[in-house]
Amino acid sequence: MIQAILVFNNHGKPRLVRFYQRFPEEIQQQIVRETFHLVLKRDDNICNFLEGGSLIGGPEYKLIYRHYATLYFVFCVDSSESELGILDLIQVHYILQEVVMGGMVLETNMNEIVAQIEAQNRLEKSEGGLSAAPARAVSAVKNINLPEIPRNINIGDLNIKVPNLSQFV
């Protein structure tokens with residue numbers, strides 16, 4: 001059974017909060033904060049399932065989430081729910097976001113909606129390659145063909161000594 005659906009932005013501001021179990025308002029806010037911190041500290045390469053926080057039921061419940069652009073979609077479920085089924089359900093919510101935003105219908109053309117979702121999926125896959133960017137940057141710097149590395153840089157009254165960088169090349 002789904003216990004809660006939470007959607008919040010990258011800063012933890014709730015965009016949608018639905019609890020299917022009665023909690024006082026203060027506890028709901030604590031659950032949103034705790035859930036945000038649990039999900040935010042996870043690396044993007046880790047699976048999208050984790051044990052529920054202490055406020056929403058602990059290890060008996062699971063948090064299943066997806067991060068799309070600036071939003072986190074989080075479902076808190078008990079053990080009777082399928083994790084993969086919930087991930088599919090999150091995809092439906094993402095599609096709904098492409099259709100309606102801020103109470104206004106943005107797009108009704110199904111082909112355009114599917115194209116936007118495919119573009120988002122391609123972007124997410126390409127961002128996975130960004131982890132190699134520092135190594136590529138170092139390689140590019142090594143391949144710079146300078147005839148001589150300057151040892152002193154003089155700009156007006158400012159004199160800058162350049163350290164010996166040969167140990168890094």
Side-chain angles (χ1 to χ4, degrees), residues 1-140:
M1 181 172 169
I2 297 173
Q3 301 297 317
I5 300 173
L6 309 172
V7 179
F8 42 81
N9 67 12
N10 288 338
H11 304 290
K13 184 175 181 180
R15 299 299 186 191
L16 171 76
V17 177
R18 295 282 185 264
F19 284 94
Y20 300 104
Q21 182 179 4
R22 184 121 174 99
F23 290 107
E25 182 70 27
E26 183 178 304
I27 299 296
Q28 288 181 10
Q29 291 174 359
Q30 289 176 349
I31 289 171
V32 170
R33 279 194 300 273
E34 180 184 12
T35 303
F36 172 71
H37 290 294
L38 285 171
V39 170
L40 181 67
K41 69 181 179 182
R42 292 177 59 89
D43 189 18
D44 288 339
N45 299 328
I46 297 176
C47 79
N48 296 17
F49 317 133
L50 67 146
E51 285 185 359
S54 60
L55 291 173
I56 201 152
E60 297 172 13
Y61 293 94
K62 294 178 189 148
L63 297 175
I64 302 168
Y65 69 95
R66 282 296 302 256
H67 184 204
Y68 290 108
T70 61
L71 293 177
Y72 287 91
F73 292 78
V74 182
F75 281 62
C76 177
V77 300
D78 63 17
S79 60
S80 68
E81 292 293 337
S82 163
E83 290 94 349
L84 296 176
I86 296 297
L87 278 176
D88 284 342
L89 184 59
I90 291 173
Q91 183 75 16
V92 170
H93 278 277
Y94 178 65
I95 292 170
L96 183 61
Q97 180 188 355
E98 290 295 322
V99 177
V100 178
M101 183 176 278
M104 296 181 64
V105 175
L106 296 178
E107 185 64 61
T108 58
N109 181 335
M110 189 56 72
N111 293 330
E112 183 63 29
I113 293 168
V114 170
Q116 291 299 323
I117 291 168
E118 288 172 350
Q120 178 66 31
N121 289 338
R122 282 192 303 276
L123 178 65
E124 287 178 8
K125 287 179 183 175
S126 71
E127 287 176 349
L130 292 179
S131 61
R136 288 194 305 262
V138 168
S139 176

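We use all heavy atoms of the structure for the numbers below, so side chains are in, but hydrogens, waters and symmetry mates are not. Computed from a predicted structure; not experimentally measured.
Y20 approaches I2 most closely through the heavy-atom pair CB-O, 3.6 Å. The minimum heavy-atom distance linking N9 with L71 is given by the pair CA-CD2, 4.0 Å. Between G12 and V32 the shortest heavy-atom distance is O-CG1, 4.4 Å.
Here the side chain of S80 pairs a donor or acceptor atom with the backbone of M1 at under 3.5 angstrom.
For the salt bridge (Lys or Arg N to Asp or Glu O under 4.0 Å) test, residues two or more places apart in sequence or in another chain that qualify with E83 are K62.
Two residues are said to be in side-chain contact when any heavy atoms from C-beta on lie closer than 4.5 Å; L40 and Y72 meet this criterion. Inter-residue side-chain proximity for R42 and C47 is flagged as met; some heavy-atom pair is nearer than 4.5 Å. In this structure, the side chains of F73 and L16 stay at 4.5 Å or more apart for every pair of heavy atoms. Looking at heavy atoms from C-beta onward, I31 lies out of side-chain contact with V17 at the 4.5 angstrom threshold.
A perpendicular orientation is assigned to the rings of F8 and F36, their planes being inclined by more than 60° (bins at 30° and 60°).
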Requested in this report: May I have the step-by-step check of side-chain contact (heavy atoms from CB on, under 4.5 Å) for L6 and Y65, ending in yes or no?
Outcome: CA-CA 9 Å; L6 309 172; Y65 69 95; over 6 Å; no
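Here the CD1-NZ distance, from I46 to K41, works out to 10.5 Å after rounding to the nearest 0.5 Å. Atoms CD and CZ, on Q29 and F23 in that order, are 13.5 Å from each other to the nearest 0.5 Å. In this structure, CZ in F75 is found 13.0 Å from CG in N48, a value given to the nearest 0.5 Å.
Residue pairs meeting the salt bridge (charged side-chain N to carboxylate O under 4.0 Å, His left out) criterion with at least one member in residues 67-76, sequence neighbours excluded, do not occur.
Applying the 6.0 Å contact sphere to CZ of R15 captures more than 12 heavy atoms from other residues, nucleotides or ligands.
A side-chain donor from one of N10 and H67 sits under 3.5 Å from a side-chain acceptor of the other.
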